[in-house]
> 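Encoded as structure tokens, here's the structure I'll be asking about.
Residues: numbered from 1 along the sequence shown. Whatever order the structure lists ligands and atoms in, that order sets their numbers, starting from 1.
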Amino acid sequence: MSKFPADQIKTIGIYTSGGDAPGMNAAIRSAARIALYHGLDVRGIVGGYPGMLSGEFVPITQGSMGNILQRGGTILKTGRSPEFHQADARAKAAANLRAAGIDALVCIGGDGSFAGARLLHQEHRVPIVGVPGTIDNDVFGTDFTIGFDTAVNIALEAIDRIRDTAASHDRLFIVEVMGRDSGFIAVDVGVAGGAEEIFFPENAVTVDEAIDHIRRGMARGKKSSILIAAEGRKPGRAYDLAEAIRKKSGFEAKVCILGHVQRGGSPTAADRILASRLGAAAVDALRRGECDCLAGVKGGQVVTVPFEQALGKKKTVGRELIELARMLSY
Ligand code: F6P
């Protein structure tokens with residue numbers, strides 16, 4: 001966490017970065033309205049880091065934040081920017097911000113976006129506070145990220161539907177959910193949807209174990225099963241799992257990949273409230289002269305956590321939930 005003279009801030013820039021997440025608009029709205037409430041000017045940076053590099057800044061007013069709370073996606077657009085890994089790109093972004101009179105930033109995104117923000121702060125002294133927004137819930141330092149609850153509920157609704165057709169046909173299904181490096185979505189959906197097995201990056205379940213599990217269920221009269229697989233680094237891996245299961249056991253599994261459908265749609269109440277709290281907390285931190293940190297939630301309380309303590313650390317799915325999922329489907 002760094003300190004800076006808070007009275008030097010007149011204008012705050014807000015941007016969304018990385019994969020979009022339902023609730024990002026609620027976070028933009030909250031950060032903007034709290035800043036405006038305190039007499040600050042607000043600019044939106046269009047498209048995340050690429051917009052910072054091209055100088056695409058738009059004024060934000062109370063009115064322009066109307067009717068966005070309930071909308072999925074991000075009205076400011078988002079993107080991933082390999083270019084921002086270069087120091088000269090960050091120097092250009094800092095010069096653009098200075099020229100536009102933007103004194104401080106609120107970055108809504110995941111830890112990749114925060115890593116870029118941290119470098120911009122370290123190299124060019126731009127005060128920045130992060131707001132964790134990603135469906136993956138994999139940001140260390142906060143119990144929940146914006147978008148996670150909505151993604152889990154969307155996936156769960158799909159799994160309940162699949163359960164109906166699986167039961168009607170006595171079928172085995174593998175449902176693939178998002179989650180690049182972590183299994184938060186897979187585990188929550190697995191527990192809430194009563195999955196028979198959950199494959200995710202932190203869990204070393206083998207295909208043989210999954211087959212044993214399915215057989216055990218069949219022996220006690222179970223005729224249909226649903227396995228959940230986090231996509232990990234290889235979207236579409238559910239097909240590989242289905243093939244491996246077929247080769248080893250002869251069981252034919254239907255595959256359903258939920259993909260980006262989990263990232264769209266109206267945010268849940270929980271995500272709107274989290275986004276409203278964290279967007280406001282980020283602006284409050286800047287107004288106290290705190291930066292180089294993220295605004296998160298721990299045990300229900302809003303906290304600020306220095307980037308230094310949060311970035312590069314792996315947030316892991318709780319063993320208790322994993323064990324519970326295993327026992328419930330035994
Ligand atoms: O980080 C969020 C996420 O949705 C991951 O779960 C997923 O692996 C990745 O983004 C997909 O990214 P993209 O939309 O750029 O393909």
> Is a side-chain donor-acceptor pair under 3.5 Å present for Ser266 with Arg272?
yes
> Is ligand 1 under 4.0 Å from a heavy atom in the side chain of Ile185, in the backbone, in both, or in neither?
neither
> Regarding Lys314 and Asp138, does a basic nitrogen lie under 4.0 Å from an acidic carboxylate oxygen?
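The answer is no: the pair does not qualify as a salt bridge.
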> Suppose I only count heavy atoms of Gly179 and a 4.0 Å limit; which atoms of ligand 1 are within that range?
6 (O)
> Suppose we measure from atom 5 (C) of ligand 1 to each protein heavy atom; which comes out shortest, and what is that distance?
Asp136 OD2, 3.4 Å
> May I ask whether His260 places a heavy atom under 4.0 Å from ligand 1?
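It does; at least one heavy atom falls under 4.0 Å.
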> On a heavy-atom basis, I'd like to know which of Gln262, Arg80, Lys234, Met178 is closest to atom 15 (O) of ligand 1.
Arg80
> Do Arg90 and Phe84 touch side chain to side chain, with heavy atoms closer than 4.5 Å?
yes
> For Tyr15 and Tyr49, run ring pair (Phe, Tyr, Trp, His ring centres under 6.0 Å): C-alpha distance rounded to whole Å, both residues' side-chain angles, the deciding distance at 0.1 Å, then the answer.
CA-CA 8 Å; Tyr15 62 106; Tyr49 291 117; 5.1 Å; yes
> If the cut-off is 4.0 Å to any non-hydrogen atom of Ile135, which atoms of ligand 1 fall inside it?
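Those qualifying, in numeric order: 4 (O).
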> Considering only protein heavy atoms, which is closest to atom 7 (C) of ligand 1, and at what distance to one decimal place?
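In this structure, atom 7 (C) of ligand 1 has Glu231 OE2, 3.0 Å as its nearest protein heavy atom.
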> Are there more than 12 heavy atoms of other residues, nucleotides or ligands under 6.0 Å from atom CZ of Phe4?
yes
> Which residue supplies the protein heavy atom nearest to atom 3 (C) of ligand 1, what is that atom called, and how far is it?
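Atom 3 (C) of ligand 1 sits closest to the protein heavy atom Arg263 NH1, 3.5 Å.
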> Quick one: closest heavy-atom pair of Cys291 and Leu286, and the distance?
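For Cys291 and Leu286, the tightest heavy-atom pair comes out as CB-CD2, 4.3 Å.
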